[in-house]
Amino acid sequence: MVRTAVLVSGGGTNLQALIDARRGGAMPHVELALVVSSSAGAYALERAKNAGIRAEYLEKTGFEERLNSLLAEEGIGLIVLAGFLRILSADFTRRWAGRIINIHPSLIPSFCGSGFYGLRVHEAALARGVKLTGATVHFVNEIPDGGQIIAQRAVEVLPGDTPETLQRRVMERAEWVILPAAVEAVAAELEGESDK
Ligand code: GAR
């Protein structure tokens, strides 16, 4: 199993999807070992504690330095950004190349990059009038939302959608489905490599 860290900033519904997938036997190569939040009040921290996963809040000052210590201490082999709203340095993403993945709530390359996060992504999709949106799981590199795409799923925009209703549909039908599947696939691949 690959010891996996999940980085969060908010409610943590994607973290919950990973916890549920793990419990349900859908991620046999993944051990959820650590949750790190950039926000002290993130409900994601409660979700981690309820699931018996080590949960840490790290403040902005010295964030990456402390993160590096935690990752080493816990023997982490894979990092998942699940609603994590801080940009990591190019140095950090280079060191974790191929072992750090992110979930984004649109079909990249639409509505992504700097400034596109959370509800803002859905506001932009509605403002543009697209009829299809969705979610993307991708490897993280130094370009925001610019790394290799691992999985995508499309979701219909419906008449009368608000950013909130669209966000909920994209989460339920796309994010919570493709994230656990992609994390399992990457972990299985990494474990295969380490056996060679
Ligand atoms: C999710 O929709 C995730 O895709 C998005 O923030 C939300 C976090 O929700 N991430 C981004 O916009 C990153 N650019 P959650 O905390 O309930 O998982």
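Nothing here was measured: the structure is a model prediction, and the numbers come from that model. Just so you know, ligand 1 is whichever comes first in the structure, and atom 1 is the first atom listed for that ligand. Position 1 is the first residue of the sequence; numbering continues from there. Hydrogens, waters and symmetry mates play no part in the numbers below; they use all other heavy atoms, side chains included.
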Around [X], counting heavy atoms of other residues, nucleotides and ligands shown, do more than 12 lie under 6.0 Å from its [atom1]?
X    : atom1 : answer
R173 : CZ    : no
E59  : CD    : yes
E172 : CD    : yes

For H122 and L166, work out which heavy atoms get closest and say how close.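 That would be ND1-CG, 4.0 Å.
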Between D20 and A17, is there a donor-acceptor pair closer than 3.5 Å when you use the side chain of the first and the backbone of the second?
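No, because the side chain of D20 does not come within donor-acceptor range (under 3.5 Å) of the backbone of A17.
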For a distance cut-off of 3.5 Å, show me each N or O of ligand 1 paired with any protein N or O, plus the separation.
from: ligand 1; atom 1: 2 (O); to: E175; atom 2: OE1; distance (Å): 3.1
from: ligand 1; atom 1: 2 (O); to: E175; atom 2: OE2; distance (Å): 3.0
from: ligand 1; atom 1: 4 (O); to: E175; atom 2: OE1; distance (Å): 2.7
from: ligand 1; atom 1: 12 (O); to: G118; atom 2: N; distance (Å): 2.8
from: ligand 1; atom 1: 14 (N); to: H104; atom 2: ND1; distance (Å): 3.2
from: ligand 1; atom 1: 16 (O); to: G11; atom 2: N; distance (Å): 3.4
from: ligand 1; atom 1: 16 (O); to: G12; atom 2: N; distance (Å): 2.7
from: ligand 1; atom 1: 17 (O); to: G12; atom 2: N; distance (Å): 3.4
from: ligand 1; atom 1: 17 (O); to: T13; atom 2: N; distance (Å): 2.7
from: ligand 1; atom 1: 17 (O); to: T13; atom 2: OG1; distance (Å): 2.6
from: ligand 1; atom 1: 18 (O); to: T13; atom 2: N; distance (Å): 3.4
from: ligand 1; atom 1: 18 (O); to: N14; atom 2: N; distance (Å): 3.0
from: ligand 1; atom 1: 18 (O); to: N14; atom 2: ND2; distance (Å): 2.9

Notebook entry, point to check: Apart from W96 itself, what residues make up its hydrophobic cluster, given side-chain heavy atom links below 4.5 Å?
Noted result: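 Via sub-4.5 Å side-chain contacts, W96 links to L7, L34, V36, L58, F63, L67, L70, L71, I76, I79, L81, F84, L88, F92, I100, V140.
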